[in-house]
Protein chains: 2
Amino acid sequence: MEQNKIPQATAKRLPLYYRFLNNLNQQGKKRVSSKELSDAVKVDSATIRRDFSYFGALGKKGYGYNVEYLLGFFRSTLDQHEVTEVALIGVGNLGTAFLHYNFMKNNNIRITTAFDADTEKVGTDIGGVPVYDIRDLEEKLEDIKVAILTVPAVEAQVIADKLVEKGISGILNFTPARISVPKHIRVHHIDLAVELQALVYFLKHYSLDNPE
Amino acid sequence: MEQNKIPQATAKRLPLYYRFLNNLNQQGKKRVSSKELSDAVKVDSATIRRDFSYFGALGKKGYGYNVEYLLGFFRSTLDQHEVTEVALIGVGNLGTAFLHYNFMKNNNIRITTAFDADTEKVGTDIGGVPVYDIRDLEEKLEDIKVAILTVPAVEAQVIADKLVEKGISGILNFTPARISVPKHIRVHHIDLAVELQALVYFLKHYSLDNPE
DNA sequence: AATAAGTCGTGATATTTTTCACAATTCAGT
DNA sequence: ACTGAATTGTGAAAAATATCACGACTTATT
């Protein structure tokens with residue numbers, strides 16, 4: 001289970017590589033070089049080769065990588081052979097965007113359950129996902145290990161506590177609240193206002209050339 | 001203009017600090033320590049002190065930081081005294097979520113203009129923002145420097161090209177497409193599927209303890 | 001006035017991540 | 001076969017980031 005020592009920075013890029021390889025494969029492309037990949041995903045080619053090398057020698061010198069082989073390799077590495085079920089808490093605009101997104105296409109992930117407090121929404125189906133009452137969270141969550149949190153900030157901690165109690169493993173938190181959880185639970189924060197403001201800051205202070 | 005050598009990692013955390021300080025100030029809190037900040041924003045206290053130190057000695061030893069002073073300092077550093085106008089391209093669910101988000105509260109940012117291809121939406125106001133026809137992009141964009149891109153992936157590059165032509169400086173790209181732009185233009189990618197899949201990957205391979 | 005507790009700022013160190021640069025290898029063309 | 005162009009995998013170096021740990025200072029208390 002414990003894949004030894006893949007750097008976090010690498011792990012975060014894997015889904016990106018995977019998706020692009022998937023596209024290439026669907027286009028019938030048979031081989032690809034780190035340079036081509038680099039142009040497409042905007043990651044330095046040496047970084048890509050280094051990333052791949054953590055999994056062994058996947059390519060051929062002077063040739064590049066076999067798309068199908070590489071794809072197959074990543075599929076198993078990313079555990080794409082079994083569907084990961086995800087719950088979505090908070091069916092506002094952002095939550096609805098997720099419900100309409102088809103994660104099955106490139107990622108073997110499915111949102112199977114959604115929750116909201118709004119009685120207008122409870123009982124409906126959005127993007128094929130049933131929306132339950134947030135008060136039934138504990139009963140309906142079953143053994144889902146991953147949750148997407150798109151609720152108002154003030155609700156975030158209370159709901160996170162409930163998720164923890166039900167045995168969640170990971171939370172993708174879109175609220176501005178930095179939630180507290182036991183340390184064996186992984187939380188990734190995506191803070192839209194912070195991202196926007198950071199971009200504005202970079203433009204004002206790093207504008208002349210574009211590092212990163 | 002060129003603030004010397006603030007590390008990027010620090011710059012990305014500034015908006016987070018700023019927002020929390022703003023909250024503290026509104027609560028009437030007068031002082032705060034790096035430890036308290038650390039608990040709230042989940043960043044190591046030494047990292048916070050280091051981050052602040054790039055701007056000089058903002059605190060007092062044995063005391064902590066004066067909330068009002070620190071806030072004022074960040075306000076100028078983050079250029080919060082003048083409103084940054086932003087355009088939003090693509091009024092789907094995700095775009096609509098942005099239009100309803102009040103960036104003026106903690107960030108001095110305002111979405112002033114939105115664009116969409118759907119004639120149902122063109123001409124309406126969403127969250128107080130007028131929605132124009134995407135075909136009028138060139139005419140209506142005026143001198144907005146920042147754009148949020150929430151369109152279908154296939155449209156992304158075409159629209160990015162138009163934005164570039166109109167003199168955009170920064171793009172917050174929510175599409176899975178990695179767009180190509182001249183290198184003086186800054187693009188931040190937020191890729192929802194990648195974030196979700198990366199979280200799932202971390203859970204499977206790093207589950208026992210939670211680094212980061 | 002002295003003491004204790006709390007806290008910053010930062011030199012030094014550790015860790016993580018990226019990049020360089022090149023030997024080894026492959027492939028395509030002659 | 002041979003040659004030249006392309007490309008990997010990786011040791012080594014560089015750069016970026018995070019953390020440790022402590023002297024110096026502030027405040028509160030007695």
Side-chain angles (χ1 to χ4, degrees), chain A residues 3-14 16-17 21 24 29-70 73-74 183 189 198 202 205-206 209-212, chain B residues 3-14 16-17 21 24 29-70 73-74 183 198 201-202 205-206 209-212:
Chain A
Q3 204 112 21
N4 261 13
K5 298 295 167 164
I6 302 300
Q8 299 219 4
T10 296
K12 288 185 183 173
R13 285 187 290 262
L14 295 182
L16 197 56
Y17 299 148
L21 288 171
L24 285 184
K29 207 149 182 312
K30 291 299 177 205
R31 61 185 263 192
V32 66
S33 69
S34 61
K35 180 64 171 49
E36 285 173 275
L37 274 166
S38 173
D39 291 341
V41 301
K42 316 290 181 197
V43 172
D44 184 90
S45 67
T47 301
I48 291 177
R49 292 199 300 281
R50 174 78 63 195
D51 284 346
F52 288 0
S53 78
Y54 293 116
F55 300 99
L58 304 178
K60 275 189 194 158
K61 295 179 180 182
Y63 173 87
Y65 301 90
N66 178 298
V67 172
E68 207 165 338
Y69 175 75
L70 200 54
F73 187 86
F74 277 129
K183 69 177 181 309
H189 290 273
F202 277 114
H205 297 281
Y206 297 73
D209 56 345
N210 190 342
E212 181 183 50
Chain B
Q3 204 112 20
N4 262 12
K5 300 291 167 165
I6 302 300
Q8 300 219 3
T10 295
K12 287 186 183 173
R13 285 186 291 262
L14 295 182
L16 198 56
Y17 299 148
L21 288 170
L24 284 184
K29 205 148 186 309
K30 292 298 177 204
R31 61 185 264 194
V32 66
S33 69
S34 60
K35 181 63 170 52
E36 285 173 276
L37 274 166
S38 173
D39 291 342
V41 301
K42 317 290 181 197
V43 172
D44 185 88
S45 67
T47 300
I48 292 178
R49 293 200 298 282
R50 175 77 63 196
D51 283 347
F52 288 0
S53 78
Y54 292 115
F55 300 100
L58 303 178
K60 275 188 194 158
K61 294 178 180 186
Y63 172 86
Y65 300 91
N66 178 299
V67 173
E68 208 164 338
Y69 174 75
L70 200 55
F73 187 85
F74 277 129
K183 69 177 180 310
Y201 180 83
F202 277 114
H205 297 280
Y206 297 73
D209 55 345
N210 191 341
E212 178 183 57

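Lettering follows sequence order; numbering is per chain, from 1. Since we're looking at a predicted model, the values are computed, not measured. The basis for the numbers below is simple: all heavy atoms, side chains too, and nothing from hydrogens, waters or symmetry mates.
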**OP:** Can you measure from CG (B:Leu21) to CG (B:Leu16) and round to the nearest 0.5 angstrom?
**Re:** 10.0 Å

**OP:** Sorted by first residue and then second, give each salt bridge (charged side-chain N to carboxylate O under 4.0 Å, His left out) pair with at least one member in residues 48-61 of chain A; sequence neighbours left out.
**Re:** A:Arg13-A:Asp51

Original post:
How many angstroms lie between atom OH of B:Tyr54 and atom OG1 of B:Thr10, to the nearest 0.5 angstrom?
Top reply: 5.0 Å

**OP:** Would you mind building the protein contact string for nucleotides 7-15 of chain C? One character per nucleotide, 5' to 3', B for base within reach (heavy atoms under 4.0 Å), S for sugar-phosphate only, - for untouched.
**Re:** BBBBBB---

Original post:
Can you name the closest pair of heavy atoms from A:Tyr206 and B:Ala11 and give their distance?
Top reply: OH-CB, 4.1 Å

Original post:
Looking at residues at least two apart in the chain, or sitting in another chain, which of them share a ring-ring contact (aromatic ring centres under 6.0 Å, His included) with A:Tyr65?
Top reply: A:Phe52

Original post:
When the ring planes of B:Phe74 and B:Phe55 are compared, do they come out parallel, tilted or perpendicular, using 30° and 60° as the limits?
Top reply: perpendicular

Result block: side-chain N/O donor-acceptor pairs under 3.5 angstrom for residues 35-46 of chain B, not counting sequence neighbours:
{"unit_1": "B:Lys35", "atom_1": "NZ", "unit_2": "B:Asp39", "atom_2": "OD2", "d": "3.4"}
{"unit_1": "B:Glu36", "atom_1": "OE1", "unit_2": "B:Ser33", "atom_2": "N", "d": "3.0"}
{"unit_1": "B:Glu36", "atom_1": "OE1", "unit_2": "B:Ser33", "atom_2": "OG", "d": "3.4"}
{"unit_1": "B:Glu36", "atom_1": "OE2", "unit_2": "B:Lys29", "atom_2": "NZ", "d": "2.8"}
{"unit_1": "B:Ser38", "atom_1": "OG", "unit_2": "B:Val43", "atom_2": "O", "d": "2.7"}
{"unit_1": "B:Lys42", "atom_1": "NZ", "unit_2": "A:Ser180", "atom_2": "OG", "d": "2.4"}
{"unit_1": "B:Lys42", "atom_1": "NZ", "unit_2": "B:Asp39", "atom_2": "O", "d": "3.3"}
{"unit_1": "B:Asp44", "atom_1": "OD2", "unit_2": "B:Ala46", "atom_2": "N", "d": "2.9"}

Original post:
How close or far is atom P of D:dT17 from atom CD of B:Gln8, stated in whole angstroms?
Top reply: 6 Å

**OP:** Would you check if B:Phe202 and A:Gln8 make a side-chain contact, meaning some heavy-atom pair closer than 4.5 Å?
**Re:** yes

Original post:
Quantified as the angle between the terminal helix axes (five pairs each), what is the overall bend of the helix from C:dA1-D:dT30 to C:dT30-D:dA1 to 10 degrees?
Top reply: 10°

Original post:
Whole Å only: how far is the OH atom of A:Tyr54 from the P atom of D:dT8?
Top reply: 16 Å

Original post:
Tell me: NZ of A:Lys42 to P of C:dT18, nearest whole Å?
Top reply: 18 Å

**OP:** Rounded off to whole Å, could you give me the CD1-to-C1' distance for the B:Ile6 and D:dA16 pair?
**Re:** 14 Å

Subject >> C:dT19 phosphate, OP1 or OP2, under 4.0 Å from A:Thr47 side-chain N/O >> reply: yes

